Enquirer: 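This is the structure I have questions about; it appears just below.
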2 protein chains.
Amino acid sequence: MTGSCFAERLGHFLDLTEKERAALARLEERERTLKRGQMLRRENDGSDEIYVLRHGWMMSYVYLDDGSRQILRLHFPGDLIGSSNIAYRDAAESLTAITDAVVCPFEKQALRTLFDDHPRVAALLFAVSQAERVSLTDRLASLGRTSARARVGALLLDMLHRIRFMRKDVTNSFELILTQEEIGDATGLTAVHVNRMMRALAEEGMIERRNGSVTIVDERALAQASAYFNRFAELDTSWFPAPRG
Amino acid sequence: MTGSCFAERLGHFLDLTEKERAALARLEERERTLKRGQMLRRENDGSDEIYVLRHGWMMSYVYLDDGSRQILRLHFPGDLIGSSNIAYRDAAESLTAITDAVVCPFEKQALRTLFDDHPRVAALLFAVSQAERVSLTDRLASLGRTSARARVGALLLDMLHRIRFMRKDVTNSFELILTQEEIGDATGLTAVHVNRMMRALAEEGMIERRNGSVTIVDERALAQASAYFNRFAELDTSWFPAPRG
DNA sequence: CGTCGAGTTGACATAATTCAAGTAAGGTGG
DNA sequence: CCACCTTACTTGAATTATGTCAACTCGACG
């Protein structure tokens with residue numbers, strides 16, 4: 001065990017104390033391995049579990065009555081996932097592994113100690129969840145007010161930046177992994193139309209595609225064409241309580 | 001001063017202690033009055049302020065480069081608004097009053113005491129913000145995967161349920177207040193098309209319109225047609241810390 | 001070698017937008 | 001109190017973006 005990837009992720013924003021690290025590590029005592037495509041949790045399941053994603057990519061999504069699917073969010077290592085049942089008894093979204101993945105499940109009761117003993121970590125969780133909320137509002141504006149081409153472009157840029165955030169060696173190229181159908185379910189489009197938009201972006205010289213990987217050739221132009229705004233500003237930690245102990 | 005409407009709202013989920021109520025009331029010491037249409041805060045403004053909405057309706061929204069607007073969320077009394085700068089230094093959304101309104105501004109530093117001294121209230125804030133996140137994912141699915149008619153229907157139902165939550169005497173009729181352009185900006189449609197969809201819903205006998213008010217005639221059918229899921233389940237407070245003091 | 005899932009492309013259908021013209025209601029200054 | 005403005009709402013016709021259906025290619029895999 002290499003230590004808590006959750007603590008590592010949160011440590012980007014804050015110098016955690018030993019005690020704080022230990023408290024976070026306690027959330028990752030158990031591990032569960034998932035194969036590509038395997039479902040971790042289904043919408044409406046009652047469960048006390050929340051997860052820290054340790055390795056691999058996952059996605060959260062819902063199905064509508066007509067059988068269509070909306071992908072709500074892609075998840076990368078260090079993400080806290082399944083957080084809808086922090087608020088509710090029953091899960092609001094399904095969770096499935098996009099690649100082989102490892103998650104650390106913990107019961108939400110474990111958050112109690114965190115809020116009681118480590119108010120600064122609680123504040124950090126709260127701030128991170130607000131940042132996630134902002135990310136969702138960006139997606140909302142993308143789906144509500146931009147063209148198909150812009151939505152696909154914004155998704156690609158979001159993936160690039162989030163991968164970069166994890167691995168500083170990644171510059172402008174990454175393995176796509178998602179099928180065009182999944183991209184469609186994330187952007188509210190059909191797989192066929194996603195295909196056309198990717199071709200369009202490629203013909204315009206903004207991206208290149210080879211095998212399963214994408215290169216963002218002209219990041220500035222793509223961001224412009226996609227109404228994409230990079231939210232990777234620093235978190236504002238100025239209001240946080242002092243560390244305990 | 002009639003006491004904290006924030007505490008009143010949060011008290012729906014939990015029996016707050018006197019000390020907890022007092023701590024929340026401290027967030028509402030100042031008041032600011034807004035006229036219909038008045039902007040409280042602009043996107044990208046740097047500000048340490050967060051607000052509790054005390055009276056009236058407000059909305060949060062963003063503008064895109066092409067001048068189009070996406071309304072992110074409607075806000076009702078008791079809502080915590082402007083929460084994007086809990087995470088960031090600069091505001092991610094603009095805030096404007098839809099009706100005459102009263103807000104109580106407070107500096108985010110005030111949250112520090114709350115997290116330090118009242119972990120149970122902090123947990124409640126966190127849970128409520130997760131519920132808001134789920135509400136955003138519902139909107140995402142609505143915009144991404146449902147028809148214009150369904151989006152308008154879902155917005156009407158959401159408004160109905162949120163108004164009911166505040167005022168138990170409201171049954172199935174309310175004053176719309178929003179213009180069709182605003183409905184369009186919330187649902188990702190043009191004002192013209194909103195108009196047609198409202199007519200369609202009326203012709204199908206699901207709603208009635210008179211002057212500025214809407215009556216939901218057949219709530220079940222409308223919910224069905226709009227892929228609407230009512231999230232007003234109880235919050236799960238089982239994991240919260242014990243009250244302090 | 002055959003099958004299967006994913007990607008690609010064309011022809012056609014449909015939902016939503018755009019443009020344009022008009023009506024209704026409320027507010028304001030003379 | 002009226003005449004005028006302005007803003008919101010309404011409706012039709014033409015246009016465009018996206019979806020649907022269908023056929024085909026390609027590579028992976030058993």
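Proteins come first, then strands; the chains are lettered A, B, ... in the order of their sequence lines, and each starts at number 1. Only a predicted model underlies this, so the values are computations on that prediction, with no experimental measurement involved. No hydrogens, no waters, no symmetry mates; every other heavy atom, side chains included, goes into these values.
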Enquirer: Output the residues of residues 209-218 of chain B in contact with DNA chain D, where contact means a heavy atom of the residue under 4.0 Å from an atom of the strand; sort by number or write none.
Expert: B:Arg209

Enquirer: Produce the list of close N/O pairs, under 3.5 Å, pairing protein atoms with atoms of nucleotides 24-27 of chain C; give distances to one decimal.
Expert:
none

Enquirer: Main chain of B:Glu93, side chain of B:Arg41: is a donor-acceptor contact present, judged purely on distance under 3.5 Å?
Expert: yes

Enquirer: Give a yes or no on whether the backbone of B:His193 and the side-chain of B:Thr190 come within a donor-acceptor separation of less than 3.5 Å.
Expert: yes

Enquirer: In this structure, are over 12 heavy atoms from other groups packed under 6.0 Å from B:Lys168 atom NZ?
Expert: yes

Enquirer: Hey, could you give me each pair passing ring-ring contact (aromatic ring centres under 6.0 Å, His included) that has a residue in residues 64-91 of chain A? Not counting sequence neighbours.
Expert: A:Trp57-A:Phe76

Enquirer: What is the distance, rounded to the nearest whole Å, between atom CD of A:Gln180 and atom C1' of C:dT8?
Expert: 8 Å

Enquirer: Once you round it to whole Å, what is the distance between C1' of C:dA6 and CG of A:Leu176?
Expert: 12 Å

Enquirer: Please give, in whole Å, the distance from C:dT17 P to B:Asp66 CG?
Expert: 13 Å

Enquirer: Using a strict heavy-atom distance below 4.0 Å, which residues from residues 184-206 of chain B are in contact with DNA chain C?
Expert: B:Gly188, B:Leu189, B:Thr190, B:Val192, B:His193, B:Arg196

Enquirer: With no hydrogens and no angle check, just 3.5 Å: does a side-chain donor-acceptor pair link A:Arg133 and B:Ser129?
Expert: no

Enquirer: For A:Asn172 and A:Ile216, indicate whether the former's side chain and the latter's backbone hold a donor-acceptor pair under 3.5 Å.
Expert: yes

Enquirer: Could you check how far CD of A:Glu182 sits from C1' of C:dG7, rounded to whole Å?
Expert: 14 Å

Enquirer: Rounding to an integer number of Å, can you tell me how far B:Ile183 CD1 sits from D:dT10 C1'?
Expert: 14 Å

Enquirer: B:Tyr228 vs B:His161 aromatic rings, parallel, tilted or perpendicular, using cut-offs 30° and 60°?
Expert: parallel

Enquirer: Salt bridge check: are B:Arg73 and B:Glu132 linked by an N-O gap of less than 4.0 Å?
Expert: yes

Enquirer: Pair up each side-chain donor or acceptor in residues 139-153 of chain B with any protein partner under 3.5 Å, not counting sequence neighbours, and list the distances.
Expert:
unit_1	atom_1	unit_2	atom_2	d
B:Arg139	NH1	B:Leu72	O	2.5
B:Arg139	NH2	B:Ile71	O	3.2
B:Arg139	NH2	B:Ala186	O	2.8
B:Arg145	NE	A:Arg69	O	3.0
B:Arg145	NH1	A:Leu189	O	3.3
B:Arg145	NH2	A:Gly184	O	3.1
B:Arg145	NH2	A:Asp185	OD1	2.6
B:Arg145	NH2	A:Leu189	O	3.0
B:Thr146	OG1	B:Ser142	O	2.8
B:Ser147	OG	B:Ala150	N	3.3
B:Arg149	NE	B:Glu204	OE1	2.8
B:Arg149	NE	B:Glu204	OE2	3.4
B:Arg149	NH2	B:Glu204	OE2	2.9
B:Arg151	NE	B:Thr146	O	3.2
B:Arg151	NH1	B:Thr187	O	2.9

Enquirer: Backbone N or O of A:Ser68 within a donor-acceptor pair of the A:Asp66 side chain at under 3.5 Å?
Expert: yes

Enquirer: Flag the pair A:Glu219 and A:Arg164 as a salt bridge only when some basic side-chain nitrogen lies within less than 4.0 angstrom of an acidic carboxylate oxygen.
Expert: yes

Enquirer: Residues of residues 142-159 of chain B with any non-hydrogen atom less than 4.0 angstrom from an atom of DNA chain C: list those, numerically ordered, please.
Expert: B:Ser147, B:Ala148

Enquirer: Is the shortest side-chain N to carboxylate O distance from B:Glu49 to B:Arg32 below 4.0 Å?
Expert: no

Enquirer: Closer than 3.5 angstrom, by distance alone: can the side chain of A:Ser60 be matched with the main-chain N or O of A:Leu95 as a donor-acceptor pair?
Expert: no

